[in-house]
Amino acid sequence: MRSDAASHTAIRAEGLGKSYRIGRGPRASTLAERLVRAMHHPFGPGDGELFWALRDASFEIPRGQAVGIIGRNGAGKSTLLKLLSRITTPTTGWAELYGRVGSLIEVGTGFHPELTGRENVYLNGAILGMRRHEVARRFDEIVEFSGIEQFIDTPVKRYSSGMYMRLAFAVAAHLDAEILVIDEVLAVGDLEFQRKCLGKMGEVAGAGRTVLFVSHSLHAISTLTTRTLVLERGRVAFDGSTTDGLGFYRALQAEGAESPHGYVAHADRTGIHVRSARLHASIGEGIQRNGDPFGIEFELEVPEPVPQLCFSVHITDESERAINHFWIYGDGPAFRNATGRFVVRFDIPKLRLMMGRYTMSVWLNNRATHETYDLLRNVCPFEVTMDGLVRPDYDWSPEHMTYVEDYSWSVVRA
Amino acid sequence: MSDRQVVRIGAGATSPFRTLREIWNYRDLFRALGTRDLRLRYRQTFLGIAWVVLQPLAAAGIFAFVFGSIAHVPTDGQPYVLFALAALTGWNFFSNVLTRASTSLIQNPQLVTRVYFPRLILPLAVVPAALVDLLVTLAAFVVIALAQGRGFDARLAVLPLVVLLLGALALGAGFAAAALAVRYRDVQYLLPVAIQMALYASPVAYSASAVPERWQALYYANPLAAPLELMRWSLLGTPAPAARQLAYSAGVAAALVLIGAAVFRGIERSFADEI
């Protein structure tokens, strides 16, 4: 009954599209609001206008192929994934998936803090669509993979977040599906465990399973996939080899204007404070390649002179550990004992951070009195990728995570 | 793998048969969610199982005081506490299923927006925990009745029918309420009021026979009336409802399940976008 072509195809999508209504305020969420609106616009077309999150996506993915999906924020990646996972339904078009679909939009969905690790494994497995006997058969494997054997009968509310994620990922990694649809799940856990998961996913991709993988991590995309779809404004802008796809994506990034990876103080903020911070990551949009120049530009507002004014920056990793600390203070900076607005540019010529996600914490304080004028936590998020780098000299372990060669400061009056 | 599963995704609606088959395919999820609720219910609270019994006992006590001692409501010759408790066990089952089903979607947004499964599983999965509660309260009732020198007979055999009727009525309304609650948050405020009203419109605190003759037909338009009276008949031997009244309740229950499921499926496609 099935044609030859279909038996080699895992996913086929034709003109897949999804629109939402936006604008004109939030949609009516109570009957009363609905009635009020109906009275005001008795013949209105409904709330707001149409926004196409995904439009006219057509592609065919053969069995056993690992495909990456990249694109900027709001390009439609999540929408595509949610459509293929059947979490939401398309407005136009159709898709067919030939085989058992396992979808991982996040790990640990449905984990309940009061239940033990064991109970959560069964619950989470069922939520992911596994049969009970499948979970039972692979239970020991799952626990072993998670590495938390001795806590398996402890309620997960007593787990550290790392243990929680390990267990959650362990269940997900044992999902037995012919087609795996995966979103960003690697953005969690410690590096050691991430490496283990990457390895496991590599096995999956290599085991003849079809994998569709959305990620911001270009490194993961380049490691795990051979083909890449680049989405841009809801459309498939590129479909081809991963190498070309990453190039296409970088070009897209370069032409992108204002990035959201900055910070702007509230307009009515007064006193000594950081007016704004802007990240200059090498690839753009908060993506930085290891070894590339990296910079941040701050605007400081100093309405009163402070002789001991000190400005410092931390780069913090995902577990909010400060891994670099830079500060500027003393006779040098123009903002010392002066008033006005200053632009502080901070540059690292070769950022040698290990791949991963980082943020900045920024302080403005008085060295003498320890008074803090401004403290920004977790601003300017960025991700360091190591794609395209020959990596024999990097051991994949957290100890080799940070090392910065040299850096310089420059301060001028704005 | 010659008969590989094919998943079709499109803008059109899926057939009811497909939905039923999917629910069957996801029966282990039903089981897992049911087990979860049971575990949480009987593990978290200090008094655990005792609460399940204490709640209806307290309600029966209040009813006994207000309706039995002050208002002297006729009880078909039964001691008031037993009389009220017999119907309260069934009533609690109904209101438990309805209430929990109605919030089953809005309380699990992470499931609805992160994974696919037939959404009807969520309201369905509240039934096991409610059933266990019912069994526990029934056991308490039996103990209390035996302590008072009462006996039971073969009439107990109709209890499954009562449970089926009450459960179907609760689920039918629960399906619709769960789906509508996603779109209109008022549902979660309206429903408790409606349930409270239904309690007084049903033969729980008083006997259906206490309703004046000319209102009887109207009274039995409430589909809960016949199964609750049947429950009291089976536990205490009070007058049984007429067969046609039971048939009517069964008809309403079946219709309600179909309508509720249709409403649910009508809104289902936009759950993840709206929740």
Side-chain angles (χ1 to χ4, degrees), chain A residues 2 6-7 11 13 16-18 20-21 27-34 82-101 103-106 108-112 114-116 119-120 122-135 155 178-179 183, chain B residues 1-14 22 25-41 43-45 106 108-119 121-122 125 180-190 268-275:
Chain A
R2 193 158 293 132
S7 66
I11 305 174
L16 215 50
K18 173 82 182 174
Y20 294 94
R21 290 204 174 277
R27 67 169 293 133
S29 68
T30 69
L31 289 163
E33 275 175 47
R34 186 87 166 182
K82 284 190 169 182
L83 289 175
L84 293 178
S85 313
R86 286 192 290 169
I87 290 163
T88 184
T89 48
T91 317
T92 62
W94 56 269
E96 283 189 340
L97 294 93
Y98 307 93
R100 190 173 161 191
V101 183
S103 122
L104 298 172
I105 302 290
E106 69 174 4
T109 308
F111 262 42
H112 198 289
E114 298 289 340
L115 297 179
T116 67
E119 290 161 351
N120 271 309
Y122 279 96
L123 176 61
N124 186 232
I127 286 170
L128 293 176
M130 291 163 91
R131 298 296 314 276
R132 195 184 154 76
H133 60 80
E134 289 177 275
V135 183
E178 292 155 280
I179 302 172
D183 190 9
Chain B
M1 282 202 138
S2 56
D3 69 335
R4 265 188 305 159
Q5 195 179 322
V6 181
V7 176
R8 283 191 188 80
I9 294 164
T14 45
E22 291 245 278
N25 288 341
Y26 272 84
R27 59 192 179 277
D28 283 354
L29 177 60
F30 169 81
R31 179 175 166 181
L33 290 173
T35 318
R36 174 193 71 177
D37 287 355
L38 264 178
R39 285 201 170 110
L40 293 176
R41 199 159 167 71
R43 183 180 297 167
Q44 258 170 332
T45 52
I106 51 178
N108 287 299
Q110 78 285 14
L111 293 190
V112 175
T113 54
R114 301 280 194 267
V115 275
Y116 169 80
F117 56 87
R119 307 303 189 199
I121 295 259
L122 281 176
L180 290 170
V182 171
R183 196 162 279 182
Y184 306 111
R185 297 295 147 135
D186 336 48
V187 171
Q188 52 186 319
Y189 306 108
L190 272 171
E268 183 176 26
R269 301 171 67 77
S270 60
F271 282 164
D273 303 333
E274 292 186 13
I275 206 162

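Below, chain A is the first sequence line, B the second, and so on; all start at residue 1. Computed from a predicted structure; not experimentally measured.
Most heavy-atom pairs under 4.5 Å with chain A: of the set Leu180(B), Thr35(B), Leu111(B), this distinction falls to Leu111(B). Heavy-atom pairs under 4.5 Å with chain B were tallied for Thr92(A), Leu128(A), Leu123(A), Val101(A); the largest tally goes to Leu123(A). For chain A, the option among Gly10(B), Ala32(B), Ala272(B) with the highest count of heavy-atom pairs below 4.5 Å is Gly10(B). The choice from Glu119(A), Arg86(A), Lys18(A), Glu96(A) that makes the most heavy-atom pairs within less than 4.5 Å of chain B is Arg86(A).
In this structure, the side chains of Gln110(B) and Phe111(A) stay at 4.5 Å or more apart for every pair of heavy atoms.
For Asn108(B), no part sits under 4.5 Å from any heavy atom of chain A, backbone or side chain. Looking at Ile179(A), there are no atoms closer than 4.5 Å to chain B (heavy atoms on both sides), in backbone or side chain. In this structure, the portions of Leu33(B) lying under 4.5 Å from any heavy atom of chain A include both its backbone and its side chain. When heavy atoms are compared at a cutoff of 4.5 Å, Gln188(B) does not approach chain A at all. Neither the backbone nor the side chain of Val182(B) comes within less than 4.5 Å of any heavy atom of chain A.
Contacts of Ser103(A) classified as side-chain contact (heavy atoms from CB on, under 4.5 Å), with partners at least two apart in sequence or in another chain: Ser85(A), Ile105(A), Val181(A). Under the salt bridge (Lys or Arg N to Asp or Glu O under 4.0 Å) criterion, Asp28(B) pairs with Arg131(A), sequence neighbours left out.
A salt bridge is absent between Arg100(A) and Glu178(A); no separation between the charged side-chain nitrogens and carboxylate oxygens falls under 4.0 Å.
Remark: side-chain polar atoms of Asn124(A) are not paired, donor with acceptor, to backbone N or O of Gly110(A) under 3.5 angstrom.
When all heavy atoms are compared, the tightest approach of Glu268(B) to Pro118(B) is OE2-C, 4.5 Å.
In this structure, Arg269(B) forms no cation-pi arrangement with Phe271(B), as its terminal cationic atom is not both closer than 6.0 Å to the ring centre and no more than 45° off the ring axis.
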